[in-house]
Asks: 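Here it is, the structure, as structure tokens.
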Amino acid sequence: MKKDDFEKIESKWQNQVDIKGASKPFYNLMMFPYPSAEGLHVGNMYAFTGSDIYGRYMRLKGYDVFEPIGLDGFGIHSENFAIKNKIHPAKMAKKTQKRFYEQLHMIGNAYDWSKTLETYDSDYYKWTQWIFIQMFKRGLAYKKKSAVNWCSSCKTVLSDEQVEAGKCERCKTDVVKKEMSQWFFKITKYAGRLLKNLDKIDWSEKTKLAQKNWIGKSEGAELEFEIKNSKLQIDNKFQILNSVTVFTTRPDTLFGCTYLVLSSESKYIDILKNGIENWSEVEDYIKKAKAKSDLERTNEKTGVELKGIKAINPVNKKEIPIWIADYVLEGYGTGAVMAVPAHDKRDWEFARKFDLKIIPAVIPTGGSMTFKYPDVESGDEIGQRFDKEELDKIMQERAYVGEGKLVNSGEFSGMKSAEAKKEITKFVGGKLKVNYKLRDWCISRQRFWGPPIPIIYCEKCGTVPVDEKDLPVKLPKTDDYLPDGTERSPLARDENFVKTKCPKCGGEAKRETDVSDTFLDSAWYFFRYPCVDDKNEAFDKEITKKWLPVDMYIGGHEHAVLHLLYTRFVTMVFHDMGLIDFEEPFKKFRAHGLIIKDGAKMSKSKGNVINPDEYIEKYGPDVLRTYLMFIGPFKQGGDFRDEGVVGIERFLMTRVKKVVSKIINNKDDFEDISGQSTWIHRTINNVSKDIENLKFNTAIAHLMVQFDGKDGKPDWRGKMEFDGTFEDKKCDFIALEKFLILLSPFAPYLCEELWEMLGHKESVFRARWPELDESKIKDEKINLVIQVNGKVRATVEVDVEISEEEARKIAIEQENVKKYVEGKEENMRTIFVKGKLLNIVI
RNA sequence: GCCCGGGUGGUGGAAUGGUAUACACGCAAGACUUAAAAUCUUGUGGUCUUACGACCUUGAGGGUUCGAGUCCCUCCCCGGGCACCA
């Protein structure tokens with residue numbers, strides 16, 4: 001097929017949906033690609049094809065399916081690629097856009113090409129900036145100086161979500177902490193809702209779980225530890241610190257708390273300073289800790305004791321030492337922890353290293369272990385009997401982090417952990433507290449290729465958002481765009497850009513020069529698609545009401561905690577602004593698997609990257625699409641193998657195409673047995689169910705089995721001999737049409753062509769998905785499996801409705817059954833599964 | 001370390017607790033051909049057996065059940081995610 005033919009067929013599909021008039025809207029969305037690198041990847045095509053098959057299916061089911069595509073071309077990915085190739089990002093964008101759209105035209109998807117968008121288009125990023133301003137106005141965007149993630153290679157800060165195992169998500173450089181003033185979005189305000197709503201949405205379980213873990217809710221208590229130091233109280237006239245608050249999820253282990261640890265950046269340190277006798281040592285440690293990367297911090301536990309001050313354990317009034325250590329994070333909880341080495345792995349390591357006391361406060365309950373644990377105070381043996389070795393293992397080789405029964409805990413000894421948590425918290429006057437791991441979203445980037453943050457700094461009026469009517473704040477046309485690593489965006493070097501007027505007072509002012517994170521671009525694009533032509537607002541209220549939330553969203557699982565969390569946050573903010581009446585952007589989300597090659601992820605360095613172009617040229621889009629879907633379960637992905645493609649080529653081109661066109665061309669020679677076939681209903685049943693569950697591989701297998709008549713059922717088409725003559729010239733033409741509809745989501749071009757040959761003027765995608773006739777898939781005869789003691793000994797063809805009594809009679813007459821049961825009929829009993837099997841138990 | 005997936009023929013993979021290995025690739029034999037390719041037909045988990053058939057087999061080991069790839073427990077291996085979150 002030539003390119004012209006593709007286009008001719010594609011034009012028949014009428015992929016443009018009537019946005020305003022659609023009566024059964026169905027929004028079928030796929031994650032838009034980063035158009036960096038050399039072009040469309042076979043991985044992209046895999047995801048898009050699966051999504052498109054679902055979309056085409058829904059369309060055949062009678063829905064008005066909206067299936068848009070666009071490019072996520074702003075941001076570091078694209079910019080780095082441009083820099084590497086020494087081409088201006090804007091020029092590169094033009095090139096990649098052309099290339100991507102050309103390729104996307106070739107893969108046979110039913111895109112609505114009238115609704116494309118690119119995130120670097122100022123008509124788009126105008127509204128990205130508008131969103132920033134709304135966040136600012138609602139107090140959800142704020143600027144704060146703090147230790148942020150800095151990638152020295154990308155020369156920019158990164159969000160927590162973009163740091164993977166201490167390395168930059170993009171370039172794998174070690175990320176360091178840097179004290180910088182940055183813009184943040186207050187996503188933490190939504191932590192509770194982001195977590196709670198997960199129960200309400202139909203998403204892949206593993207994606208929901210990843211989000212749940214990322215949000216990281218933990219319920220515990222805040223407890224106060226009194227600080228003891230006479231000098232402090234005298235010297236600090238104005239600021240007397242008499243307690244430190246810690247957050248813990250294990251108040252039940254409080255009796256085992258043997259020291260207190262503050263983070264090396266702790267806000268408490270300044271206040272405690274005067275009481276610390278070894279200040280120079282402490283100061284030195286703080287300096288060193290600051291210079292460390294996150295990765296270095298996790299390597300080994302370090303810390304230093306704050307000499308001269310002590311804390312009082314509130315539950316037993318014992319004096320305990322205070323340490324600072326970089327294993328305690330300032331950004332979580334209160335930045336101070338009560339250390340219980342017996343029951344916390346990290347505290348245990350630390351205590352072992354610095355020779356601090358380890359006092360068990362909880363022992364496991366149950367089990368058959370027998371050992372009495374000595375009470376620290378009295379020396380009496382208390383608690384349950386445990387096997388010594390077992391307990392040593394639990395208590396001495398490592399911390400016991402599980403729950404159990406309290407020991408060494410005064411009046412609380414013997415109490416179970418769950419109860420003790422409440423009681424001890426109450427006893428020491430602590431308060432219940434919920435903490436989340438989720439941090440605010442660091443949104444500023446010291447780069448060029450992104451939407452400038454629409455903020456103006458005025459000496460008189462302070463931080464002022466750009467007036468909405470002045471949007472977009474366009475990126476200047478400049479060749480001076482390379483990042484310089486100075487903590488400032490290249491835009492800061494552009495005088496004309498920086499200098500501006502204050503929107504409030506009209507005086508001299510300066511623009512913010514950072515651009516926003518590319519994940520903000522993609523956090524709302526699906527709102528824009530149906531409204532891409534709207535010049536007056538980001539999205540139209542009525543249209544949005546009709547089309548959103550998105551009905552089906554398909555994409556990679558790698559975005560579980562990045563993109564998918566941000567979209568949910570932004571959608572919730574829109575909801576709270578009263579713009580929409582839903583909180584969740586995607587009703588249904590499914591993560592697809594990964595296509596690998598030779599057992600490994602495709603990568604240029606391994607030289608195992610599959611370029612879809614070659615295969616499309618060689619086999620055509622239908623074969624490649626269908627093959628990709630046949631490799632394995634869509635949710636799981638699979639291994640791409642060249643040898644596998646021919647199987648699909650044989651099926652589509654040699655069997656379906658040749659046979660069907662032969663029948664159509666010799667229609668008059670065939671006896672029309674329309675309506676007599678039952679095989680088609682079996683196919684309808686299986687293929688519909690499989691597509692709905694995204695089990696495309698088995699859907700294709702069913703299409704093959706039924707088309708080839710391998711099911712043992714009467715062959716609808718007769719047998720076609722190798723020379724192209726038919727053994728049996730009968731054809732169920734209605735079933736044949738239905739078959740083409742069932743196959744069309746997978747092989748749209750081929751089915752369109754054959755559909756036309758059948759005499760249809762309109763596209764196959766204007767047809768309706770065939771209705772299943774349940775009565776046609778009911779078997780009258782079945783092969784009853786006969787087992788003796790669970791082993792298959794025979795199968796007999798019988799009536800489906802056969803009774804146990806009759807089945808039993810037939811069974812014992814079978815030669816191969818007789819020899820096992822003969823003479824033992826007395827002790828025989830049978831298990832009967834109607835229409836399936838009879839198991840004779842002796 | 002913790003949390004998810006997964007482990008089935010030579011290969012990719014199928015199997016609501018009910019005939020394990022569908023479908024496809026590969027391989028073998030045959031048909032067509034001067035020949036090859038293409039195409040078509042048949043066969044194809046292992047061991048034993050001329051055959052009928054028997055026994056074994058879903059990472060390992062236990063258990064529940066008339067019956068387990070599927071459910072439960074213990075362990076091993078592979079892939080992915082999180083990573084000092086107290």
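Letters go in sequence order (proteins before strands), and every chain restarts at 1.
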Asks: Under the side chain to side chain contact (heavy atoms under 4.5 Å, CB included) criterion, do Phe634(A) and Thr49(A) qualify, and how do the steps go?
Replies: CA-CA 10 Å; Phe634(A) 188 59; Thr49(A) 303; over 6 Å; no
Asks: Tell me the interatomic distance from Met704(A), atom CE, to A14(B), atom C1', rounded to whole angstroms.
Replies: 13 Å
Asks: Below 4.0 angstrom from OP1 or OP2 of A54(B), is there any side-chain N or O of Tyr820(A)?
Replies: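 Tyr820(A) to A54(B) OP1/OP2: side-chain N or O found under 4.0 Å.
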Asks: Roughly how many Å apart are U57(B) and U8(B), using the C1' atom of each and rounding to a whole number?
Replies: 10 Å
Asks: Take atom NZ of Lys208(A) and atom C1' of G81(B), then tell me their distance rounded to the nearest Å.
Replies: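 Value for this atom pair: 18 Å.
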Asks: Take atom C1' in U58(B) and the same atom in G9(B), then report the distance between them in whole Å.
Replies: 10 Å
Asks: Please report the distance separating the P of A36(B) from the corresponding atom of A29(B), rounded so that it comes out in whole Å.
Replies: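 Rounded to whole Å, the distance is 12 Å.
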Asks: Think Tyr327(A) has a side-chain N or O under 4.0 angstrom from the OP1 or OP2 of A86(B)?
Replies: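 Answer no for this pair, as no side-chain N or O of Tyr327(A) is under 4.0 Å from OP1 or OP2.
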Asks: Rounding to an integer number of angstrom, what distance separates C56(B) and G43(B) when you compare their C1' atoms?
Replies: 22 Å
Asks: Any donor-acceptor pair under 3.5 Å between the side chain of Lys836(A) and the base of U16(B)?
Replies: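 Yes.
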Asks: Leu209(A) side chain: which of C4(B), C55(B), A86(B) is closest?
Replies: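 Among the listed nucleotides, the one closest to the side chain of Leu209(A) is C4(B).
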Asks: What integer number of Å spans the C1' atoms of C71(B) and C55(B)?
Replies: 27 Å
Asks: Between G18(B) atom C1' and Ile831(A) atom CD1, what is the distance in whole Å?
Replies: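 Interatomic distance, CD1 of Ile831(A) to C1' of G18(B): 11 Å.
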Asks: Would you mind telling me which of U39(B), A86(B), A22(B) lies closest to the side-chain atoms of Ala701(A)?
Replies: A22(B)
Asks: Under 4.0 Å between any heavy atoms, over every strand shown, what does Val246(A) touch: base, sugar-phosphate, or nothing? Just pick one.
Replies: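 No contact.
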Asks: Taking the basic N atoms (NZ, or NE/NH1/NH2) and the acidic carboxylate oxygens, is any pair closer than 4.0 Å for Lys834(A) and Glu801(A)?
Replies: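 Yes.
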Asks: With a 4.0 Å cutoff (strictly under), does any side-chain N or O of Lys635(A) reach OP1 or OP2 of C4(B)?
Replies: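 The answer is no; no side-chain N or O of Lys635(A) sits under 4.0 Å from OP1 or OP2.
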Asks: Roughly how many Å apart are A20(B) and U70(B), using the P atom of each and rounding to a whole number?
Replies: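 One P to the other, the span is 14 Å.
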Asks: Where does G9(B) land, syn or anti, given syn is within 90° of 0?
Replies: syn
Asks: Using 4.0 Å as the upper bound for N to carboxylate O, is an ion pair formed by Lys689(A) and Glu692(A)?
Replies: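 Result for this pair is no, no salt bridge flagged.
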Asks: How many whole angstroms separate atom CG of Leu624(A) from atom P of A24(B)?
Replies: 19 Å
Asks: So does Arg682(A) get a side-chain nitrogen or oxygen closer than 4.0 Å to the phosphate oxygens (OP1/OP2) of A22(B)?
Replies: no
Asks: Taking C-beta and beyond as the side chain, do Leu438(A) and Leu194(A) meet within less than 4.5 Å on heavy atoms?
Replies: yes
Asks: Hey, is the side chain of Lys206(A) poking within less than 4.0 Å of OP1 or OP2 on C82(B), counting only N and O atoms?
Replies: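 False: Lys206(A) side-chain N/O out of range (4.0 Å or more) of C82(B) OP1/OP2.
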Asks: How about Pro314(A) and Leu254(A): do any of their side-chain heavy atoms sit closer than 4.5 Å?
Replies: yes
Asks: Map Asn783(A) and Asn816(A) onto RNA chain B by nearest heavy atom, then report which one ends up closer to the 5' terminus.
Replies: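 Its nearest nucleotide lies further toward 5', so the answer is Asn783(A).
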Asks: Using the P atom in both, what is the distance from C40(B) to A51(B), to the nearest Å?
Replies: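 That atom pair is separated by 31 Å.
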Asks: Which listed nucleotide (A86(B), A54(B), G67(B)) is nearest to the side chain of Ser218(A)?
Replies: A86(B)
Asks: Measure from CG on Asn789(A) to P on A54(B) and round the result to the nearest Å.
Replies: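 Roughly 14 Å, once rounded to whole Å.
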Asks: Has Arg793(A) got a side-chain N or O lying under 4.0 Å from the OP1 or OP2 atom of C55(B)?
Replies: yes
Asks: May I ask you to say what Gln787(A) touches in the nucleic acid, namely base, sugar-phosphate or nothing, with a heavy-atom cut-off under 4.0 Å?
Replies: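 Gln787(A): base contact, heavy atoms under 4.0 Å.
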Asks: Would you say Asn697(A) places a side-chain N or O within less than 4.0 Å of OP1 or OP2 belonging to A14(B)?
Replies: yes
Asks: What's the gap between G69(B) and U21(B) when it is taken at their C1' atoms, as a whole Å value?
Replies: 10 Å
Asks: 5'-most contact on RNA chain B: Arg641(A) or Thr698(A), nearest heavy atom basis?
Replies: Arg641(A)
Asks: Below the 4.0 Å mark, does C25(B) have OP1 or OP2 next to a side-chain nitrogen or oxygen of Arg650(A)?
Replies: yes
Asks: Can you check whether Trp323(A) and Phe354(A) have ring centres sitting under 6.0 Å from each other?
Replies: yes
Asks: Knowing that exactly one of Leu628(A), Val646(A), Leu750(A), Ile648(A) qualifies, which makes a side chain to side chain contact (heavy atoms under 4.5 Å, CB included) with Val623(A)?
Replies: Ile648(A)
